[in-house]
Asks: 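Just passing along the structure, written as structure tokens.
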Amino acid sequence: MHLAYDPEHDTARVRLTAHVPPGGAVRQVPVDGPRTDAEAVLDLDADGRLLGIEVIGARRALPADLLDAADPATG
């Protein structure tokens, strides 16, 4: 598992696999949660396996210490 955080866009990405090839996440599924000011999106491969989770509005949805320890997000 790998966590990356982009503070400029307040977006965190949890990758559950060692590597996701370009185009590997073919389906994105928004997830309803208790907060209306943050959004989670599940990234699935062609077989429906969960590859990762993207959290938009991460500072409002995730613990600050977790984001502070995350790697910087890259392209």
Asks: Determine the minimum heavy-atom distance between Leu3 and Ala12, stating which atoms define it.
Replies: CD1-CB, 4.1 Å

Asks: For Leu44, is there any backbone N or O sitting under 3.5 Å from a side-chain donor or acceptor partner on Arg27?
Replies: no

Asks: How close do Ala25 and Val20 get, heavy atom to heavy atom, and via which atoms?
Replies: N-CG1, 4.2 Å

Asks: Show the nearest heavy-atom pair for residues Ala38 and Ala61, with the distance to one decimal.
Replies: CB-CB, 3.7 Å

Asks: Are the side chains of Leu16 and Leu51 in contact, using a 4.5 Å heavy-atom criterion?
Replies: no

Asks: So how far is it from Ile56 CD1 to Asp37 CG, rounded to the nearest 0.5 Å?
Replies: 12.5 Å

Asks: Evaluate the criterion side chain to side chain contact (heavy atoms under 4.5 Å, CB included) for residue pair Leu42 and Gln28; output intermediate values, then yes/no.
Replies: CA-CA 5 Å; Leu42 306 179; Gln28 287 71 39; over 6 Å; no

Asks: Give the intermediate values and the outcome of side chain to side chain donor-acceptor pair (under 3.5 Å) for residues Asp10 and Tyr5.
Replies: CA-CA 7 Å; Asp10 193 25; Tyr5 177 61; 2.7 Å; yes

Asks: Take Asp68 and Arg59, measure what salt bridge (Lys or Arg N to Asp or Glu O under 4.0 Å) needs, and give me the verdict at the end.
Replies: CA-CA 10 Å; Asp68 291 342; Arg59 282 272 173 207; 2.8 Å; yes

Asks: Strictly distance-based, threshold 3.5 Å: is any side-chain N or O of Asp45 a donor or acceptor partner for the main-chain N or O of Asp47?
Replies: yes

Asks: Does Met1 reach the side chain of Val14, with side-chain heavy atoms less than 4.5 Å apart?
Replies: yes

Asks: Are any non-hydrogen side-chain atoms of Asp65 and Leu67 less than 4.5 angstrom apart?
Replies: no

Asks: Can you name the one residue among Asp43, Val55, Asp6 that meets side-chain contact (heavy atoms from CB on, under 4.5 Å) with Arg13?
Replies: Asp43

